[in-house]
2 protein chains.
Amino acid sequence: MALTIGELSRQAQVKVPTIRYYEQIGLLSEPVRTEGQQRRYGPEDVRRLNFIRHARELGFEVDAIRQLLDLASAPDRACGEVHDITIAHLDEVKSKIARLTALRDELEAMVGCDHRRISECRIIEVLADHGQCRHAEH
Amino acid sequence: MALTIGELSRQAQVKVPTIRYYEQIGLLSEPVRTEGQQRRYGPEDVRRLNFIRHARELGFEVDAIRQLLDLASAPDRACGEVHDITIAHLDEVKSKIARLTALRDELEAMVGCDHRRISECRIIEVLADHGQCRHAEH
DNA sequence: TCTTGAACCTCTAGTCACTGGAGGATGTAG
DNA sequence: CTACATCCTCCAGTGACTAGAGGTTCAAGA
Ligand SMILES: [Zn+2]
Ligand SMILES: [Zn+2]
Ligand SMILES: [Zn+2]
Ligand SMILES: [Zn+2]
């Protein structure tokens with residue numbers, strides 16, 4: 001019933017070196033080993049790694065995931081802290097979107113240059129002088 | 001008239017170790033030195049470093065900046081390559097925005113949980129099971 | 001039982017763009 | 001001439017992996 005690291009890798013869609021890395025940073029606990037020191041995993045490890053992978057896909061940092069995993073193992077507690085972590089992450093995502101949107105507008109204004117020589121190129125001009133930017137800050 | 005690295009740092013708004021790092025990776029050329037091996041800079045270095053800082057603020061990677069600087073020093077060439085680099089970067093920015101927007105929607109749906117115990121928390125549930133996500137891919 | 005070979009092991013280093021610190025030398029103002 | 005801010009080099013750390021070298025283990029087929 002025990003899975004090798006390769007089987008765990010396929011089931012949880014996480015690369016083998018990444019699994020070993022997660023163990024090293026304490027996100028996964030040390031699994032049992034065969035006599036020849038090979039790792040063997042059980043169904044609980046599959047669940048935990050799936051959780052980690054999904055949280056990473058949703059952009060949570062490893063540190064936040066560590067906290068979420070700790071909280072998830074205390075089913076009777078209130079979920080306030082889980083929400084705090086998620087809302088903090090959501091705020092981060094929102095401000096990244098805001099910054100990138102401003103950036104996109106700036107870049108779109110720049111590519112409005114109508115293809116002359118570099119000495120007249122609007123892109124080079126703007127890069128050399130932030131005063132020509134729409135937004136005061138980036 | 002020559003500037004110390006600290007004065008250059010203040011004028012171009014780039015930290016001292018970062019200037020030395022840019023020199024190390026060949027983004028800035030090696031400046032003249034005093035007898036005691038301290039760096040001294042001129043106005044051209046200020047302009048170049050300002051260009052670099054601004055391009056970094058606009059999200060260009062160091063490699064792209066290297067190419068832009070090379071191109072900027074050939075004023076009579078057509079600016080097509082400058083546009084290619086900028087448009088590639090703009091496309092990157094756009095797809096980052098798209099990914100983050102999808103992420104934001106997903107997270108906002110998750111925080112819709114009305115604060116119960118962790119065993120019933122929607123956030124934990126979704127993290128444990130991607131099948132509960134709005135979008136098939138992240 | 002033996003052999004093959006895929007998959008496993010550890011350890012190290014590389015990615016990107018910096019940032020910080022230790023420990024010592026230099027330059028300038030009073 | 002002395003104080004001391006600033007400079008120098010070198011090394012290590014950040015986040016989250018990823019890749020490679022060089023060697024070992026395991027399971028299946030002959
Ligand atoms: Zn142009
Ligand atoms: Zn600008
Ligand atoms: Zn909840
Ligand atoms: Zn999902």
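These numbers were taken from a predicted model, which means no experiment stands behind them. These numbers come from the heavy atoms of this one structure, side chains and all, not from hydrogens, waters or symmetry mates. Each chain gets a letter, A, B and so on, in the order the sequences are listed, and its residues count up from 1.
The nearest whole Å value for the distance from the CD atom in B:Glu35 to the P atom in C:dT26 is 10 Å. If you measure from atom CD of A:Glu23 to atom P of D:dC17, you get 15 Å, rounded to the nearest angstrom. Computed from coordinates, the B:Gln13 CD to C:dC18 P distance equals 15 Å when rounded to whole Å. Atom-to-atom, CZ of B:Arg10 to C1' of D:dC7 comes out at 12 Å; the value is rounded to the nearest Å. Computed from coordinates, the A:Arg66 CZ to D:dA16 P distance equals 9 Å when rounded to whole Å. For A:Tyr21 and C:dT12, the OH to P distance is 17 Å, given to the nearest whole Å. Between B:Ile65 atom CD1 and C:dC16 atom C1' there is a gap of 12 Å when expressed in whole angstrom units. Whole-Å rounding puts the B:His89 NE2 to C:dC16 P distance at 16 Å.
Across the interface with DNA chain D, nearest-nucleotide mapping of A:Gly36 and A:Lys15 shows A:Lys15 to be the residue nearer the 5′ end.
At a threshold of 4.0 angstrom between heavy atoms, the contacts of A:Arg20 include nucleobase atoms, whether or not backbone atoms are also involved. Nucleic acid contact for B:Phe60: none, since no nucleic acid atom lies under 4.0 Å from a heavy atom of the residue. Residue B:Ile25 is out of contact with every strand shown, counting any heavy-atom pair closer than 4.0 Å.
The phosphate of C:dT10 (OP1 or OP2) has a side-chain N or O of A:Arg39 nearer than 4.0 angstrom. A sub-4.0 Å separation between OP1 or OP2 of C:dC18 and a side-chain N or O of B:Tyr22 is present. Residue B:Thr4 places none of its side-chain N or O atoms closer than 4.0 Å to OP1 or OP2 of D:dT6. For A:Arg53, no side-chain nitrogen or oxygen approaches OP1 or OP2 of D:dC17 to under 4.0 Å. For C:dG27, the OP1/OP2 oxygens have a side-chain nitrogen or oxygen of B:Thr34 closer than 4.0 Å. At least one side-chain nitrogen or oxygen of A:Thr18 sits closer than 4.0 Å to the OP1 or OP2 atom of D:dT18.
Distance from the side chain of B:Gln38 is smallest to D:dC8 among D:dC17, C:dC9, D:dC8. Closest to the A:Ile5 side chain, of the nucleotides C:dC9, C:dT26, C:dT19, is C:dC9. Among the nucleotides C:dA17, D:dC26, D:dC8, the one closest to any side-chain atom of A:Arg40 is D:dC26.
Between B:His138 and B:His130, the angle of the ring planes goes over 60°, which puts this pair in the perpendicular group of the 30/60° scheme.
Checked against A:Ser9 for a side chain to side chain contact (heavy atoms under 4.5 Å, CB included), the options A:Leu49, A:Thr18, A:Val16 give a single hit: A:Val16.
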- Could you walk me through whether A:Thr86 and A:Phe60 pass side-chain contact (heavy atoms from CB on, under 4.5 Å), step by step? CA-CA 8 Å; A:Thr86 308; A:Phe60 287 91; 4.0 Å; yes

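For A:Asn50 and A:Arg53, the side-chain atoms include at least one donor-acceptor pair closer than 3.5 Å.
Between B:Ser95 atom OG and A:Leu100 atom CG the span is 9.5 Å, to the nearest 0.5 Å.
With respect to the salt-bridge test (charged N to carboxylate O, under 4.0 angstrom), the residues A:Lys94 and B:Glu108 qualify.
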